[in-house]
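Working notes, beginning with the structure itself.
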Amino acid sequence: MLNVTIDGKKVEAKDGTTILRTCQENHIPIPTLCFHKDLMPFGACRLCVVEVKVNGKWQLTTSCDAALKNKMEVRTNSEKVKESRKLAAELLYYKYPSTKAVRDAAKSLGVEVAEGEPKGNDCILCGLCTRTCHEIVGVDALKFVDRGLGRNLAEPRIEYIADACIGCGSCAYVCPTGFVKMESSGDRRVIWDKSFKMVACETCGRYFAPEDQLKWISKKTGVPMSELLVCTSCK
Ligand code: SF4
Ligand code: FES
């Protein structure tokens, strides 16, 4: 068990957790844009910044990927924290001025946001889709290119690997900006411009999953395809 101080209050937390998770468990609000509770933290948006005391000095750190340590002192609402979050939100807004998720985050952190209906669906490089595809689905159909050390001068972007994709749609569900488009109609689902054949439930007739996804589940689990042809509602 860890004993820490957050905003002057004593808090107990379990070992192996992060500052953000502890704050969330204690109902201390921290803004996030690239965090998801089921995924490894990524530290991309920098909205979750807090201050921690290190050797007697307060230092800024992102809270989603910072391990909580025993006796740590944390400040989540100081002027320095608020300024840093606002600056991170301003940078995002400057880059993606018409993307709703960015505008909402920026507004809530005190950035002056121009009036008007947001029309953009930019990719903000939050990495939620790549992490979901890798960590949860396990097919690695999405990856970052031109990001990190040794990258080219080109803007980082997400690369779609069509051959690996099973059309499950997890990336579209998790994307906070609507950049990942998925459309389903009849027996087809189109995602990242690739078209997938959908399978109809043997009981209710509803198209419920791409054939490639069911084949992949069958291969991974050893359950025969013939046993995967009923949707979850009819099981
Ligand atoms: S496509 Fe969406 S989920 Fe993926 S990095 Fe871009 S904004 Fe994030
Ligand atoms: S939520 Fe921590 S950096 Fe985005």
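All residue numbers in this chain count up from 1 along the given sequence.
Among residues two or more places apart in sequence or in another chain, the side chain to side chain donor-acceptor pair (under 3.5 Å) test is passed with D140 by H134. Among residues two or more places apart in sequence or in another chain, the salt bridge (Lys or Arg N to Asp or Glu O under 4.0 Å) test is passed with E90 by none. Remark: S108 engages no residue in a side chain to side chain donor-acceptor pair (under 3.5 Å) (not counting sequence neighbours).
Without hydrogens or angle criteria, S170 side chain to T132 main chain gives no donor-acceptor distance under 3.5 Å. Here the side chain of T32 pairs no donor or acceptor atom with the backbone of C34 at under 3.5 angstrom. Between the R21 side chain and the L68 main chain, no donor and acceptor come within less than 3.5 Å of each other.
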request  = Assess whether side chain to side chain contact (heavy atoms under 4.5 Å, CB included) is satisfied between L91 and K95, documenting all intermediate values.
outcome  = CA-CA 6 Å; L91 290 174; K95 236 175 148 187; over 6 Å; no
inquiry  = Using the rule given for side chain to side chain contact (heavy atoms under 4.5 Å, CB included), can you reason through C234 versus C201, listing the C-alpha separation, both sets of side-chain angles and the distance that settles it, and then say yes or no?
reply    = CA-CA 8 Å; C234 293; C201 170; 3.9 Å; yes
query = Could you walk me through whether C23 and I6 pass the side chain to side chain contact (heavy atoms under 4.5 Å, CB included) check?
reply = CA-CA 8 Å; C23 289; I6 303 180; 4.1 Å; yes
task = Would you sort out whether K86 and E79 count as a salt bridge (charged side-chain N to carboxylate O under 4.0 Å, His left out), showing the intermediate values?
result = CA-CA 10 Å; K86 188 176 173 193; E79 283 312 308; over 6 Å; no
request  = Go through the steps for V199 and L229 under the test side chain to side chain contact (heavy atoms under 4.5 Å, CB included), then give the verdict.
outcome  = CA-CA 7 Å; V199 172; L229 302 178; 3.9 Å; yes
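Within 6.0 Å of CE in M225 there are more than 12 heavy atoms belonging to other residues, nucleotides or ligands. With a 6.0 Å radius and a threshold of 12 heavy atoms from other residues, nucleotides or ligands, K57 has its NZ atom at or below the threshold. Other residues, nucleotides and ligands place more than 12 heavy atoms under 6.0 Å from the CZ atom of R103. By the neighbour-count criterion of 12 heavy atoms within 6.0 Å, atom NZ of K107 is sparsely surrounded, having that number or fewer from other residues, nucleotides or ligands. The number of heavy atoms from other shown groups lying within 6.0 Å of NZ (K82) is above 12.
Within the 4.5 Å cutoff, the side chain of C175 has no heavy atoms near those of the L128 side chain. With contacts defined as side-chain heavy-atom distances shorter than 4.5 Å, the pair V50/R85 qualifies. Within the 4.5 Å cutoff, the side chain of S84 has heavy atoms near those of the L60 side chain. Using a 4.5 Å heavy-atom cutoff, the side chains of C64 and C48 are in contact. Proximity of D15 to M1: side-chain heavy atoms (C-beta onward) are nowhere separated by under 4.5 Å. Counting heavy atoms from C-beta on, the side chains of L2 and M72 never come closer than 4.5 Å. Looking at heavy atoms from C-beta onward, D65 lies out of side-chain contact with T18 at the 4.5 angstrom threshold.
With no hydrogens or angles considered, a side-chain donor-acceptor pair links D7 and T76 at under 3.5 Å. A side-chain N or O of S78 and one of E51 form a donor-acceptor pair less than 3.5 Å apart.
Evaluation of the ring-ring contact (aromatic ring centres under 6.0 Å, His included) test over residues 56-113, restricted to residues two or more places apart or in two chains, returns none. The stretch residues 185-201 participates, sequence neighbours left out, in no salt bridge (charged side-chain N to carboxylate O under 4.0 Å, His left out) pair at all. Every pair passing ring-ring contact (aromatic ring centres under 6.0 Å, His included) that includes a residue from residues 190-235 is listed here, sequence neighbours excluded: Y160-W192.
Using a cut-off of 4.0 Å between Lys/Arg side-chain N and Asp/Glu carboxylate O, K80 and E83 are scored as not salt-bridged.
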